[in-house]
Amino acid sequence: LVSWNAMLTAYSQNGLLSEARDLFDSMTVKDPVSWNILLTAYALDGQMEVAEDLFERMPVKDAATWNAMIGAYARNGELRKARALFDRMTQRNVISWTAMMTAYAEVGDLKEARRIFLEMPQRNVVSWNALVAAYVQKGLPDEAKKLFDMMPNHDVSSWTSMVAAYAQHGEIDQARALFDSMPNRNAVSWNTMIVAYAEDGNIDEAKRLFDKSPSRDIVSWNSMITAYASNGRLEEAKELFDEMERKNTVSWNAMIAAYSQNHRGRDAIRLFRTMDVEGVRPDEVTFAVALDACANLHLLRDGKIIHREIENKRLRLDKSLLGSALINLYGKCGHLENAREVYDSLGRKDVVALNSMIAAYGQNGHVDEALETFDSKDLEGIRPN
RNA sequence: UUUCAUAUCUAGCAGGC
């Protein structure tokens, strides 16, 4: 049974949800762990209804089951549901408390998150990290640092997230000082610092760290490609891309985006087309980047071909960026009927799709339709941003 | 083998500078 569960985990963690489901259904003996694995996989995939259904149908629930559900609600900002489960739970442990605290942090209620933290019977380094993160998320890096200093134990994540917090608030020197004082660093720590310099415009220092890093991984390479590209240093980006011995889909996406953002849409499409040849699997982002390249250059024909490929692959347009990428493409190309058709085909529209549609009308001088679309927001239940 | 936090790479609209 443990091996079966291990297989289930492997499928789930590699995004092979339907394979996981088939395996689960074929299992004659299941324990709560099997159920928990599948429940979590659905929750992380955003299929909360399925996760809830599994939760209800489980013959035996353990603490991990409850925690998984609370955590899923927390991540989705469903505070009330998280709280309801938490209150019903009899076997609460430090994980439940931390998940509950995150639920409050997620909806921006720092006071309550803090109260939960003080109330919890025990805390571990994860609970502390979660609280620090809540302060960082609220834009309070100095408060976060005070907590960081009060923590009884730090792990690499605690250190690295503090470095990232400073960097995100433009305090690059603080970030570096903290980075230099870390007792040990992993690949994420190094990459965090590399990206911090890159986003600060100090590409050469980023490259120095990249060269010096003992834990250079694919993310480091991808980060440097983006760093060069966003500073217009396309040739250096391409050199790194070609030098990479192992690339992943993100590497390709980054390089395609690099071309697109530097007004080399045709090269972007050309690179996109070589992915097939090299046997790399495009993902949603790949298509979105390619569509963006088409939109910027008004390459309607290429865009339509990609649109067809997306439909053939049965990629979902809603609940993803592809719908709005297509609306944007058609809008920029002046094909409002196509844009509208995509928009209408979206089951659930989000604020970005709505904005894309408004922009499409606006860019083509159709003010009335733009306003009309804006007014439909209430009907669609969208809060404008 | 499963549950909580956390930190690093690519992507869509709008807005700001």
Side-chain angles (χ1 to χ4, degrees), chain A residues 1-10 12 31-41 62-72 74-75 93-102 105 124-134 136 155-165 186-196 198 217-227 248-258 260 283-292 295 320-329 331 350-360 362 384-385:
Chain A
L1 184 55
V2 171
S3 333
W4 286 80
N5 286 342
M7 274 303 293
L8 259 186
T9 306
S12 304
D31 66 1
V33 174
S34 331
W35 288 83
N36 293 343
I37 295 168
L38 201 67
L39 186 154
T40 304
D62 62 12
T65 313
W66 290 80
N67 290 340
M69 236 16 241
I70 295 172
R75 280 188 299 272
N93 58 22
V94 64
I95 295 183
S96 330
W97 283 91
T98 306
M100 199 54 232
M101 184 179 91
T102 309
N124 59 18
V125 68
V126 172
S127 333
W128 279 93
N129 286 348
L131 187 66
V132 170
V136 172
D155 63 8
V156 187
S157 295
S158 329
W159 284 93
T160 307
S161 43
M162 210 51 237
V163 170
N186 64 13
V188 176
S189 327
W190 282 92
N191 292 336
T192 300
M193 205 59 233
I194 290 171
V195 171
D217 62 6
I218 292 193
V219 173
S220 326
W221 286 82
N222 294 346
S223 305
M224 271 321 294
I225 289 173
T226 301
N248 62 13
T249 303
V250 173
S251 322
W252 286 82
N253 296 350
M255 196 60 226
I256 295 168
S260 175
D283 63 7
E284 277 192 351
V285 175
T286 315
F287 286 108
V289 175
L291 286 172
D292 191 44
S320 89
L321 45 107
L322 290 177
S324 33
L326 282 167
I327 295 168
N328 182 42
L329 165 78
D350 63 7
V351 67
V352 177
L354 180 83
N355 288 342
S356 307
M357 197 59 234
I358 295 173
N385 61 5

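Convention: sequence-line order gives letters A, B, ...; per-chain numbering from 1. Predicted model only: the values in this text are computed from it and were never measured.
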J.: Between B:C13, B:A5, B:A11, which nucleotide gets closest to the side-chain atoms of A:Thr102?
T.: B:A5
J.: Which of the following nucleotides, B:C9, B:G12, B:A5, is nearest to the side chain of A:Ser324?
T.: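 Between B:C9, B:G12, B:A5, the one nearest the side chain of A:Ser324 would be B:G12.
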J.: State which residues pass side chain to side chain donor-acceptor pair (under 3.5 Å) with A:Ser251; sequence neighbours excluded, sorted by chain then number.
T.: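 A:Ser251: side chain to side chain donor-acceptor pair (under 3.5 Å) contacts with A:Asn222, A:Asn248.
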J.: NA contact type, A:Thr160, heavy-atom cut-off 4.0 Å: base, sugar-phosphate, or nothing?
T.: base
J.: Tell me the interatomic distance from A:Trp159, atom CH2, to B:A5, atom P, rounded to whole angstroms.
T.: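 Whole-Å distance recorded here is 23 Å.
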J.: Which heavy atom in A:Met101 sits nearest to a heavy atom in A:Leu131, and how many Å separate them?
T.: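 Answer, listing the atom of A:Met101 first, then A:Leu131: CE-N, 3.4 Å.
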J.: When rounded to the nearest 0.5 angstrom, what distance separates CG in A:Asn67 from OG1 in A:Thr40?
T.: 10.0 Å
J.: Can you tell me how far P of B:U8 sits from CG of A:Asp217, to the nearest Å?
T.: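 Nearest whole value for this atom pair: 13 Å.
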J.: Nearest-Å distance, CG (A:Leu131) to P (B:A7)?
T.: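 The distance from CG of A:Leu131 to P of B:A7 comes to 14 Å, rounded to the nearest Å.
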J.: Using the side chain to side chain donor-acceptor pair (under 3.5 Å) rule, take A:Asn129 and A:Ser158 through it: C-alpha gap first, then chi angles, then the decisive distance, then the call.
T.: CA-CA 6 Å; A:Asn129 286 348; A:Ser158 329; 2.9 Å; yes
J.: Sequence neighbours left out, what passes side chain to side chain donor-acceptor pair (under 3.5 Å) with A:Asp292? Give chain and number order.
T.: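 A:Asp292 satisfies side chain to side chain donor-acceptor pair (under 3.5 Å) with no residue once adjacent residues are dropped.
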J.: Have a look at A:Val195 and say if it touches a base, only the backbone sugar-phosphate, or nothing, with a 4.0 Å heavy-atom cut-off.
T.: sugar-phosphate
J.: If you only use heavy atoms from C-beta on, which nucleotide in B:C9, B:A7, B:U6 is closest to the side chain of A:Asn129?
T.: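 So the nucleotide nearest the side chain must be B:U6.
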J.: Test of understanding: with ring pair (Phe, Tyr, Trp, His ring centres under 6.0 Å), list the residues that count as partners of A:Trp159, not counting sequence neighbours.
T.: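 So A:Trp159 forms a ring pair (Phe, Tyr, Trp, His ring centres under 6.0 Å) with A:Phe148, A:His154.
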J.: Just how far, in rounded Å, is C1' of B:U10 from CG of A:Asn191?
T.: 14 Å
J.: Considering every strand and a 4.0 Å limit on heavy-atom distances, what is the contact class for A:Ser157: base, sugar-phosphate, or nothing?
T.: base
J.: Please list each protein N or O that sits under 3.5 Å from an N or O in nucleotides 1-3 of chain B, with the distance.
T.:
from : atom 1 : to      : atom 2 : distance (Å)
B:U1 : O2'    : A:Thr9  : OG1    : 2.7
B:U1 : O2     : A:Asn5  : ND2    : 2.7
B:U2 : O2     : A:Asn36 : ND2    : 2.8
B:U3 : O2'    : A:Asn67 : O      : 3.2
B:U3 : O2'    : A:Ala68 : N      : 2.6
B:U3 : O2     : A:Asn67 : ND2    : 2.8

J.: Look at all strands and tell whether A:Ser356 reaches a base, only sugar-phosphate, or nothing, counting heavy atoms closer than 4.0 Å.
T.: sugar-phosphate
J.: Pick out the pairs of N or O atoms, protein on one side and nucleotides 14-17 of chain B on the other, that lie under 3.5 Å.
T.:
from  : atom 1 : to       : atom 2 : distance (Å)
B:A14 : OP1    : A:Gln363 : NE2    : 3.3

J.: Using only atom types and a distance under 3.5 Å, with no angle test, would you say the side chain of A:Asn191 pairs donor to acceptor with the backbone of A:Ala187?
T.: yes
J.: Rounded to the nearest angstrom, tell me the gap between atom CG in A:Leu354 and atom C1' in B:C13.
T.: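 My rounded result for the distance is 9 Å.
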J.: To the nearest Å, give me how far apart CH2 (A:Trp190) and P (B:C9) are.
T.: 17 Å
J.: Go through the side-chain N and O atoms of A:Asn253 and A:Thr286 and say whether any donor and acceptor fall under 3.5 Å apart.
T.: yes
J.: Looking only at side chains, do A:Ser34 and A:Asn5 share a donor and an acceptor under 3.5 Å apart?
T.: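 Yes, a side-chain donor-acceptor pair sits under 3.5 Å.
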J.: Apply side chain to side chain donor-acceptor pair (under 3.5 Å) to A:Ser189 and list each qualifying residue two or more places apart in sequence or on a separate chain.
T.: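 If we apply the side chain to side chain donor-acceptor pair (under 3.5 Å) test to A:Ser189, skipping adjacent residues, the hits are A:Thr160, A:Asn186.
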J.: Can you tell me the distance, in whole Å, between the CE atom of A:Met357 and the P atom of B:C13?
T.: 14 Å
J.: Let me know the distance between CG of A:Asn248 and P of B:U8, rounded to the nearest Å.
T.: 16 Å
